[in-house]
Student: 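Got a structure for you, questions after.
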There are 2 protein chains.
Amino acid sequence: MTNARGPVAVRADARRNIAAILEAATTCLARDPDASINDIAAAAGVGRMTLYGHFGSRGALVSAVAGRAIASSEEELASVDLTGDPVDVLTRLLTASWTLTHRFGALVVAAESSLPPDTLHDAHQAPIKRVRAILRRGRREGCFRTDLPLEWEVTTIQSILHGASTAVHRGEISASLAPALVVKTVLGALAP
Amino acid sequence: MTNARGPVAVRADARRNIAAILEAATTCLARDPDASINDIAAAAGVGRMTLYGHFGSRGALVSAVAGRAIASSEEELASVDLTGDPVDVLTRLLTASWTLTHRFGALVVAAESSLPPDTLHDAHQAPIKRVRAILRRGRREGCFRTDLPLEWEVTTIQSILHGASTAVHRGEISASLAPALVVKTVLGALAP
DNA sequence: TACAACTCGTACTATCGAATACGAGTTGAC
DNA sequence: GTCAACTCGTATTCGATAGTACGAGTTGTA
């Protein structure tokens, strides 16, 4: 990307294609972690060779997509207000998590075989830490039940989020209704 | 399988191998719906060609395994007492469902591409019908909340069962503890 | 307008898993 | 003990997908 006059800017159409590829790869991989390069290129509206021009391999593409997802998740979750009534905090956290779960879905699975395990593990634990923390505080303040292992409760929350996402994909419930259902259900399951 | 003297019995070693293959295929496919014929044959302790000798194709094997699973599930669930306090009934139903979910896990996914959609759909709806029925009765009798769509509650139950199964597979919780956790969590989520 | 950056089709290699063909060796049942 | 039933290795075909090579055509940008 350099010539005699110095570094050359990335052409606008290339930038557009890269964005389209990342976007298409995100939705394709979130739906099916085994989606083929062919499918992704087609979904992005570019030729397969164009995709390979920007991402040398499947792994490179998956890493890029996962990196974006991780960054965007972190940003989203960092903006959640963690102070105040634990029930309200958990509600906010669940609503934000719902969006992320539904948007990125099975992407984690795709990333498992392309990203360094540590990176992925850390990225996956970061949002969970917040949930764990508010659960603990809520228990201390008497808002949540204490007769179940905390780790199990975290697993349950993830299961419900994931179930809601696939239910929406199957058209069983509307995407706009989902977050409220998740919140009501989880709060019911955690009530003392 | 016939000769001049009439039908010939299946040889004992063949019967043993068929049983081993079905068993191995069940556990392999429940863990990974994309398990290869090679893996399954190895897990069964037979050569790949022996497997093909008994099951003409991957589809035939998956169908056989799924058929067994469906029959065994039906039998198990049919033995559940559906009378009495809805909370007790749901507890029994969840305990039985847990066993099945954990044993057959991702088998449904493997069957999706091999079994006629109708068969699979019916087999999957049969256990759900029982849950739906007891949820409805429990609502009428005031045991369960009524502010969530019934279909969503069914989805939630499936999600929790599935989540518990994978958690056990990952070693996060013990298999003996799981059913109690599932029951407590689901009852909490459905409480009025 | 000139040129590098970019697009993208075609064709090729490599790998993997399913499935078939062949055939030699083993073994259970009568 | 005989023989069909059965086991199972090797080789091969087939289809899907990742990735490479080449090159002709297009287009953004200076």
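Residue numbers begin at 1 in each chain, while the letters A, B, ... track the order of the sequences.
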Student: Among dG19(D), dC8(C), dT27(D), which nucleotide sits nearest the side chain of Arg11(A)?
Tutor: dT27(D)
Student: Quickly work out the Ile37(A) CD1 to dG9(C) P distance and round it to whole Å.
Tutor: 16 Å
Student: Indicate whether any N or O donor in one side chain lies under 3.5 Å from an N or O acceptor in the other, for Trp98(B) and Ser165(B).
Tutor: no
Student: Whether Asn17(A) contacts dT7(C) is assessed here as follows: a side-chain N or O lying under 4.0 Å from the phosphate OP1 or OP2. Is that the case?
Tutor: yes
Student: Could you tell me how far apart Ile21(B) (CD1) and dC6(D) (C1') are, to the nearest whole angstrom?
Tutor: 12 Å
Student: Rounded to whole angstroms, how far apart are CZ on Arg15(B) and P on dT27(C)?
Tutor: 18 Å
Student: If you check every side-chain atom of Ser36(B), which of dT7(D), dG9(C), dA18(C) has the closest atom?
Tutor: dA18(C)
Student: With a cut-off of less than 4.0 Å, is there a side-chain N or O of His54(B) near OP1 or OP2 of dT7(D)?
Tutor: yes
Student: By nearest heavy atom, map Arg48(B) and Ala14(B) onto DNA chain D; which one lands nearer the 5' end?
Tutor: Ala14(B)
Student: If you check the Met49(A) side chain, which of dT20(D), dC6(D), dC6(C) turns out closest?
Tutor: dT20(D)
Student: What integer distance in Å separates Asp39(B):CG from dC16(C):P?
Tutor: 13 Å
Student: Between Arg16(B) and Asp34(B), name the one whose nearest nucleotide on DNA chain C is closer to the 5' end.
Tutor: Asp34(B)
Student: Could you state the atom-to-atom distance from CG of Asn38(B) to P of dT15(C) in whole Å?
Tutor: 17 Å
Student: Could you tell me whether His162(B) and His162(A) have their ring centroids closer than 6.0 angstrom?
Tutor: no
Student: If you look at every strand shown and take non-hydrogen atoms under 4.0 Å, does Gly53(A) touch a base, only sugar-phosphate, or nothing?
Tutor: nothing
Student: Between dT20(D) atom P and Leu51(A) atom CG, what is the distance in whole Å?
Tutor: 13 Å
Student: Do NZ/NE/NH1/NH2 and the carboxylate oxygens of Arg68(B) and Glu75(B) come within less than 4.0 Å?
Tutor: no
Student: When you measure from the side chain of Arg92(A) to the backbone of Asp81(A), do you find a donor-acceptor pair of N or O atoms at a distance under 3.5 Å?
Tutor: yes
Student: Any luck finding a side-chain donor-acceptor pair between Thr91(A) and Asp88(A) under 3.5 Å?
Tutor: no
Student: Whole angstrom is fine here: how far is it from CZ in Arg58(A) over to C1' in dT15(C)?
Tutor: 15 Å
Student: Can you tell me which nucleotide in dC6(D), dA19(C), dG19(D) comes closest to the side chain of Tyr52(B)?
Tutor: dA19(C)
